[in-house]
Amino acid sequence: MVERTVRILSGSYSKVNDGVVIELFGRTAEGVSITLLYDDFRPYFKLVDPPNDCLEELREDDEIKEITTEELWVDGEKRKCKKIVCTYPWKVPGYRKRLKKRCKVLAADIPFVQRFIYDFDLSSTVKVDGELVNDDYTTEEILSVENFENTDPIKPSLNILSFDIENSLEDDRLLTIGCVLKNEDGKETRNFDASEKEMIEGFQNYVQEKDPDVITGYNINGYDLPKLEERAKEIRIDEINLGRDKGKLRKKGQRYWTVNGRIIADAWWSVRSELNLKRETLNHVAEELLGEEKDDVDSSKIDEEWEKDSERVKKYCVKDADLALNILTELEVLGKAMDMGTVAKLPVGEGLNPRTSTLVDSILIRKAEENEVGVPLTSHGGKRGKIKGGYVHSIEPGLYHWVSVLDFKSMYPSIIIQNNICFTTLSEDGEIESPTGVKFLTPEEKKGLLPEILEDLMRERDEVKDKMEQAEGKEERYYRGLQNAIKVLMNSFYGVFASSFYRFTDPEIGESITAFARENIKQLINELQDDGLKVIYSDTDSVFFQSPEEDLEKTIDISEKIARDYSREAIILEFEKILNPFFSHGKKKRYVGRVIWPEEDLLVRGYELRRSDSFQAQDEALREIFEYILDDDVEGAVERAKEWIREVRNGQIELEKLVISRTCKKFSYYKNPDSMPNVQAAKKMKDLGHKFTPGMKVSWIVTDAEKTPQKVEPWLPDHEIKKEADWKYYAERIAKTLSRVTEVFGWDKEALLAGNKQSDLFSENFDDNGNGGTDRGKTSEDDKFEKKDEVTLEDFV
DNA sequence: TGCCCTCGGGG
DNA sequence: GTGTACGAGGGCA
């Protein structure tokens, strides 16, 4: 009998005899990779008061192992239920579909490994004992578990394999596979470059031998993994066995690839979710984030490069794998996934790119079952009922100084707690009534599950934050990550109840939460105004107000005092930042400002340029205009905007700044290829005798946008554009971009194009202090609940 | 306003 | 394999 402490990385199961064995893969406190096996668990689901004939059938069914009786809360009342234990997890969907027609079915759509984790109430790290066994897994140890026990989370360091492939553009053949393996001993690299068969098998064996916890690379989900599989099929290799169970690599859904026992972490996905970059090429990210540069192999001429110097290409391939690995490390992707796994009590793999419903399920299903509350199925197919979102205060166009920003701390969770909002407290007899007229029982009558969970999380977060403040260095970072994960988890609870389908969702609940929120913030605004403060803007859980003092120290003091004074028991206000200046052209959710406290920064929301399809002049012009505005030179901004447009319309601009680029796939890929400018450019490029390979980036200049589809000319180094650019089109595009900012001063798109003000609706009510205008305060119908992190100007200019 | 289509990363 | 799968932007109706 041995004992191990194991961080769980991922889970799966496989068939044995007349049942299944649960496989949990992880790493021990000593850093040993391990497979945990447990074969005494069977799938089950529940039925609410099933008719007798239905029960009879089930009793006679060989696949059904056991039927027991229990009482559960269903739709607000105690009901007699049957727990149906069956043989194999994959049989459950069939029963679910058939039985759903005859009675209410509960908990028949919970993935088997998660079912196991909930039932054994496992958390992120477990202490297990059992016997070490021999079996066909690639981990160092394999343990047949007799006993599971929860223990404090550990963060063992993981072995990561990063890889990259190069393949021919001409015939798709694999040229090389480059690998970088990182473990406790450091890094090692490896290249495969023999026949395709040898490369794929070599790679497979390498993965099995080195047994990484994590497989990464850049855009591997979208490119390398599908390409590997494609090439394997081509040369009659049925499957690529990369799993810890030596099982195959397989695709799940549209975008995900999985393998049992390992975590597949695409570095590009992390870049997308963690950073807000205009371009996300490996080259660009490596430079931004790591200050490193890619080797300069031109991948659009990969065949030539390979021909010329295959050693160089191989080096480049490994370098790319290394960059992806460094990005993953730099972004602390796995640390964050572990934190998420810790707070949601799930395997690390589930904490990476987590689905909110999975996180919430993990906590809520356990809680529900503990309280004998039935777990409904997630309903599919119905219409996504949009609920009313947060309150957004109208903003008077203009430039402001000394603007202080306050935030409600964890507003939605606080509201749920304060009003005991839960699907278990929803009741006609409730004494708590939401602004939408929905009633909830008081906590004294019946404490809701959601408020209970959120209170615990809130308390836990406060404790972790306290520890964070006491700690330093590595420890401080650990607590910081943890408290952040708790925050994400808390918001997930609100998220699933507010938006999409979720098994416990009731639109009345989501609507009550946001209604309470709107009431709260409006009340705060009124109180501030009654006390003589000028509220400039407000969105969902934040309030922007004009500081009565034009002085940093005084503004800080005042803001802190206001945050204290206006906080109510469960609803706490926090002083967030000071903006000076702050600009908006009067459209909600769109503003720019200089943050001067707590740290200097630039804040831009809603003015971001679209990432693709934009041309250099647009970027440049917008950046310049913002500079004027943040320097308080409104007039200069408008003048410069007009000048830009005039120049573009008159053709006084380098064509280079008007080039639009985009990749172009195989023409047949597109539904309507002739309508697409990139296809048109690619075709013309070919006509001109240039090489075009599908997937290449093509560049063009628009020469006539009046026609549909618009006419374009390819932009090529040695090709002179004979037709005129469509100056009018470009002037309009620039005007559209810039007018979003200048509109407020009476210069809308048309005015900018005309060069003089025509309709002057805004400016009449507008003076330089941003005063005036009519109050058009309305509730936003916007249902984007998750607040995006703010984007800074550096990110997009 | 809402639906449909496309991109982005990769070679 | 008890289940899901991006998110944003533009064009067009």
Side-chain angles (χ1 to χ4, degrees), chain A residues 12-15 20 42-45 86 88-97 105 107-116 164-170 172-176 217-227 247 250-256 258 260 266-269 271-273 277-285 297-303 305-306 313 316-317 320 324 353-358 361 377-378 380 386 500-503 608-614 661-665 669-672 675-676 678 693-697 708-710 781 784 786 788:
Chain A
S12 54
Y13 59 92
S14 63
K15 186 174 185 295
V20 281
R42 286 201 187 270
Y44 64 86
F45 55 91
C86 68
Y88 303 115
W90 52 89
K91 301 271 182 184
V92 175
Y95 284 105
R96 184 180 67 222
K97 272 172 222 141
V105 183
D109 60 354
I110 300 168
F112 191 53
V113 175
Q114 283 168 45
R115 177 78 272 173
F116 174 78
D164 181 39
I165 65 168
E166 306 299 324
N167 68 290
S168 160
L169 274 165
E170 273 159 20
D172 233 25
R173 234 172 355 104
L174 283 180
L175 301 174
T176 180
Y218 207 73
N219 194 19
I220 50 172
N221 278 323
Y223 192 81
D224 304 63
L225 292 170
K227 186 62 80 183
R250 55 191 195 279
K251 196 174 180 173
K252 264 185 147 189
Q254 296 298 297
R255 308 157 47 79
Y256 287 76
T258 52
N260 286 348
D266 191 324
W268 178 45
W269 287 19
V271 165
R272 301 196 64 181
S273 58
L277 298 174
K278 208 178 157 230
R279 292 196 63 73
E280 291 157 348
T281 60
L282 183 53
N283 219 342
H284 189 247
V285 177
V297 167
D298 183 350
S299 64
S300 69
K301 293 180 186 144
I302 191 78
D303 295 277
E305 300 266 17
W306 182 255
V313 174
Y316 158 88
C317 181
D320 275 9
N353 318 129
R355 258 347 293 132
T356 41
S357 63
T358 312
D361 266 354
L377 301 175
T378 299
H380 298 275
K386 280 196 175 174
S500 59
F501 294 105
Y502 179 58
R503 58 176 82 249
E608 301 87 342
L609 273 186
R610 45 187 285 218
R611 338 157 57 91
S612 63
D613 217 22
S614 67
S661 301
R662 184 181 277 182
T663 53
C664 184
K665 308 191 196 236
Y669 171 91
Y670 297 104
K671 257 203 167 119
N672 194 357
S675 73
M676 312 225 20
N678 50 349
T693 345
M696 247 176 77
K697 190 153 267 172
T708 21
Q710 55 178 218
E781 301 293 324
K784 283 181 185 164
E786 280 151 59
K788 282 259 166 199

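Each chain gets a letter, A, B and so on, in the order the sequences are listed, and its residues count up from 1. In what follows, every heavy atom counts, from backbone to side chain, and hydrogens, waters and symmetry copies are set aside.
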Item to check | Separation of B:dG8 P from A:Leu277 CG (nearest whole Å) | outcome: 15 Å
Item to check | Nearest-angstrom distance from the residue atom CG of A:Asp303 to P of B:dG11 | outcome: 13 Å
Checklist entry - When the distance from CZ of A:Arg355 to P of C:dC6 is rounded to whole Å, what number comes out? => result 7 Å
Checklist entry - Within the pair A:Asn678 and B:dC7, is there a side-chain N or O less than 4.0 Å away from OP1 or OP2? => result yes
Next on the checklist: Please check: side-chain N/O of A:Asp164 versus main-chain N/O of A:Asp320, any donor-acceptor pairing under 3.5 Å?
Outcome noted: no
Checklist entry - Given the C1' atoms of B:dG9 and C:dG7, what is the spacing between them in whole Å? => result 14 Å
Checklist entry - Which part of the nucleic acid, if any, lies within reach of A:Glu166 when heavy atoms closer than 4.0 Å are counted: base, sugar-phosphate only, or nothing? => result sugar-phosphate
Item to check | Any N/O donor-acceptor pair, A:Arg272 side-chain to B:dG8 base, under 3.5 Å | outcome: yes
Checklist entry - Can you name the ring pair (Phe, Tyr, Trp, His ring centres under 6.0 Å) partners of A:Tyr44, sequence neighbours left out? => result none
Checklist entry - How close or far is atom C1' of C:dT2 from atom OH of A:Tyr13, stated in whole angstroms? => result 7 Å
Checklist entry - Could you give the CG-to-P distance, from A:Asn672 to B:dC5, as a whole number of Å? => result 10 Å
Item to check | Side chain of A:Thr663 - closest among C:dT2, C:dC6, B:dG9 | outcome: B:dG9
Using a cut-off of under 3.5 Å, enumerate the N/O to N/O pairs linking the protein to nucleotides 2-4 of chain B.
none

Checklist entry - Is there a donor N/O on one and an acceptor N/O on the other, under 3.5 Å, for the side chain of A:Thr281 and the base of B:dG10? => result no
Checklist entry - So, A:Ser300 versus A:Asp298: side-chain donor-acceptor pair below 3.5 Å or not? => result yes
Checklist entry - At under 4.0 Å between heavy atoms, what does A:Ser300 touch on the DNA or RNA strands: base, sugar-phosphate, or nothing? => result nothing
Item to check | Ion pair A:Lys227/A:Asp224, N-O distance below 4.0 Å | outcome: no
Checklist entry - From C:dG3, B:dG10, C:dA5, pick the nucleotide closest to the side chain of A:Asp164? => result B:dG10
Checklist entry - What is the distance from CZ of A:Phe112 to P of C:dG3, rounded to the nearest Å? => result 13 Å
Checklist entry - Do any side-chain nitrogens or oxygens of A:Tyr670 fall under 4.0 Å of OP1 or OP2 in B:dC7? => result yes
Checklist entry - With A:Lys697, which residues qualify under side-chain contact (heavy atoms from CB on, under 4.5 Å), at least two apart? => result A:Arg279, A:Ser661, A:Thr663
